[in-house]
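Bear in mind that the values here come from a model prediction, so they are computed numbers and not experimental data. We name chains A, B, ... by the order of the sequence lines, and we start the count at 1 in each one. Note that these values count all heavy atoms, side chains included, but never hydrogens, waters or copies made by symmetry.
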Amino acid sequence: DAGVIQSPRHEVTEMGQEVTLRCKPISGHDYLFWYRQTMMRGLELLIYFNNNVPIDDSGMPEDRFSAKMPNASFSTLKIQPSEPRDSAVYFCASRSGQISNQPQHFGDGTRLSIL
Amino acid sequence: GQQLNQSPQSMFIQEGEDVSMNCTSSSIFNTWLWYKQDPGEGPVLLIALYKAGELTSNGRLTAQFGITRKDSFLNISASIPSDVGIYFCAGRWNSGGSNYKLTFGKGTLLTVNP
């Protein structure tokens with residue numbers, strides 16, 4: 001079965017540029033999560049969606065970050081303009097809310113480097 | 001906000017040894033999860049615990065949900081080289097609503113010397 005698919009796997013860009021990270025959740029999963037992982041802060045939840053609707057975006061660091069989920073099979077996380085401190089690994093995860101106690105399944109992440 | 005303290009931060013052990021790591025929380029959780037992350041990959045769920053006092057095994061892994069709901073431990077018995085990776089605990093408090101947010105520990109980096 002296909003897991004959570006993220007693209008690109010690696011992104012290197014100069015500060016000030018717009019960055020778009022993409023995620024395809026597992027088919028049938030109605031919850032989607034965006035995380036950021038750094039050495040200093042570990043794994044932090046940025047935002048999560050239920051049935052394509054943002055439920056909690058309290059973890060989004062600032063207005064330069066935005067996330068959308070136009071349909072059940074696709075989500076984007078955008079950073080505009082990007083800054084060096086945004087360098088991190090960004091993970092997408094999904095889970096099914098139809099069955100109780102279902103765990104989150106993670107993608108392999110996008111390693112982002114802002115120069 | 002909720003905070004998780006995971007220890008130790010790193011461990012260097014010999015193949016065949018047993019390993020223990022734990023997490024403590026400043027507040028109560030009603031779900032504890034343990035994940036493993038290999039280099040270049042996302043975290044993968046190892047064990048899920050849903051009830052205070054619950055002790056669950058998955059092969060050589062054993063995890064327990066502390067009776068106070070503020071702690072959990074993970075044991076790995078007879079370690080092998082492929083156990084190398086970063087182990088994360090995660091807790092969730094959902095009060096019957098739709099809170100599916102996980103709080104993660106900072107991770108334990110495990111190195112196994114063959």
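Between A:Ser58 and B:Lys101, the closest heavy-atom pair is OG-NZ, 3.6 Å.
Atom-to-atom distance recorded for B:Thr103:OG1 and A:Leu43:CG is 11.0 Å, nearest 0.5 angstrom. Expressed to the nearest 0.5 Å, how far CG of A:Asp108 lies from CG of B:Asp38 amounts to 10.0 Å.
Side chains of B:Phe88 and A:Gln37 form a contact here, defined as non-hydrogen atoms less than 4.5 Å apart. Side-chain atoms of A:Phe106 and B:Gln37, non-hydrogen and from C-beta on, never get closer than 4.5 Å to each other. Within the 4.5 Å cutoff, the side chain of B:Phe104 has no heavy atoms near those of the A:Arg41 side chain.
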Does the side chain to side chain contact (heavy atoms under 4.5 Å, CB included) test come out yes or no for B:Leu102 and A:Phe33, once each step is laid out?
CA-CA 10 Å; B:Leu102 291 179; A:Phe33 306 80; over 6 Å; no
Check the pair A:Phe91 / B:Glu41 against side chain to side chain contact (heavy atoms under 4.5 Å, CB included), numbers first and verdict last.
CA-CA 9 Å; A:Phe91 287 101; B:Glu41 298 183 11; over 6 Å; no
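By the criterion of side-chain heavy atoms lying less than 4.5 angstrom apart, applied directly or through intervening Ile, Leu, Val, Met, Phe, Trp or Tyr residues, A:Leu21 is grouped together with A:Phe65 in one hydrophobic cluster. By the criterion of side-chain heavy atoms lying less than 4.5 angstrom apart, applied directly or through intervening Ile, Leu, Val, Met, Phe, Trp or Tyr residues, B:Leu33 is not grouped with B:Phe73; the two fall into different hydrophobic clusters. Grouping the Ile, Leu, Val, Met, Phe, Trp and Tyr side chains by contacts below 4.5 angstrom, directly or via other members, places A:Tyr90 apart from A:Tyr35.
No more than 12 heavy atoms of other residues, nucleotides or ligands shown are found within 6.0 angstrom of CD on A:Glu14. Around atom CD of B:Glu17, more than 12 heavy atoms belonging to other residues, nucleotides or ligands sit under 6.0 Å away. Around atom CG of A:Asp63, no more than 12 heavy atoms belonging to other residues, nucleotides or ligands sit under 6.0 Å away. When the shell of 6.0 Å around CZ of A:Arg64 is examined, it contains more than 12 heavy atoms from other residues, nucleotides or ligands.
The closest donor-acceptor contact from the side chain of A:Arg9 to the backbone of B:Gly40 lies under 3.5 Å.
With a threshold of 4.5 angstrom between heavy atoms, B:Leu45 approaches chain A through side-chain atoms but not through N, CA, C or O.
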